[in-house]
Amino acid sequence: PYAWKGGRLSELHKKGSKTVPDNYRGLLISDHMSKVAADVLHDGVDSAYHAYVGVSQCGAVQRKSADMANHFVRTVQDYAALNGLCCIVLYI
């Protein structure tokens, strides 16, 4: 149910002065039933999802972070800019 989505946001003091906002991080306290429901859905959907994901997929795949793809795109854009070339990137 939609009511299970989200949770309560609390702040957690990391270190340093408690009067400085940057010394805190947010902590989402979520409903336990939503975690159970998410795990059940994940187990059922995960294998079907990975059956249709191509080998070139980066991000949303275990051990294939989107960081490498982002780094590659930025490198190509930098190369194009340095050499006066036009570079268009289309994310689908």
Side-chain angles (χ1 to χ4, degrees):
Y2 186 76
W4 291 355
K5 186 176 172 94
R8 191 181 75 230
L9 188 62
S10 296
E11 61 276 346
L12 181 65
H13 181 255
K14 293 188 293 186
K15 61 182 177 182
S17 173
K18 291 186 176 186
T19 60
V20 178
D22 288 339
N23 292 338
Y24 288 86
R25 70 177 180 103
L27 180 65
L28 183 67
I29 310 294
S30 61
D31 189 314
H32 292 294
M33 287 304 294
S34 66
K35 291 180 183 181
V36 171
D39 285 346
V40 168
L41 285 173
H42 180 268
D43 292 344
V45 172
D46 193 52
S47 60
Y49 171 76
H50 288 291
Y52 292 100
V53 172
V55 295
S56 61
Q57 169 74 29
C58 290
V61 177
Q62 195 171 31
R63 292 185 298 278
K64 289 187 81 177
S65 164
D67 292 341
M68 185 56 120
N70 289 334
H71 175 70
F72 175 74
V73 170
R74 287 186 182 139
T75 302
V76 170
Q77 288 175 325
D78 290 344
Y79 175 83
L82 287 172
N83 292 291
L85 301 171
C86 178
C87 180
I88 298 172
V89 179
L90 176 63
Y91 291 94
I92 299 176

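On a predicted model such as this, the values are computed, not experimentally measured, just so you know. Residue indices begin at 1 and follow the sequence shown.
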Would you give the length of the straight line joining atom [atom1] of [X] to atom [atom2] of [Y], rounded to the nearest 0.5 angstrom?
{"X": "Ile29", "Y": "Ser10", "atom1": "CD1", "atom2": "OG", "answer": "5.0 Å"}
{"X": "Ile88", "Y": "Gln77", "atom1": "CD1", "atom2": "CD", "answer": "11.0 Å"}
{"X": "Arg74", "Y": "Cys87", "atom1": "CZ", "atom2": "SG", "answer": "13.0 Å"}
{"X": "Asn23", "Y": "Lys15", "atom1": "CG", "atom2": "NZ", "answer": "8.0 Å"}

*asked:* Quick check on side-chain contact (heavy atoms from CB on, under 4.5 Å): which of Thr75, Asp67, Val73 does His71 satisfy it with?
replied: Thr75

_Backbone N/O of Lys18 and side chain of Tyr24: donor-acceptor pair under 3.5 Å_ =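 Pair found, side chain donor or acceptor close to backbone of Lys18.
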
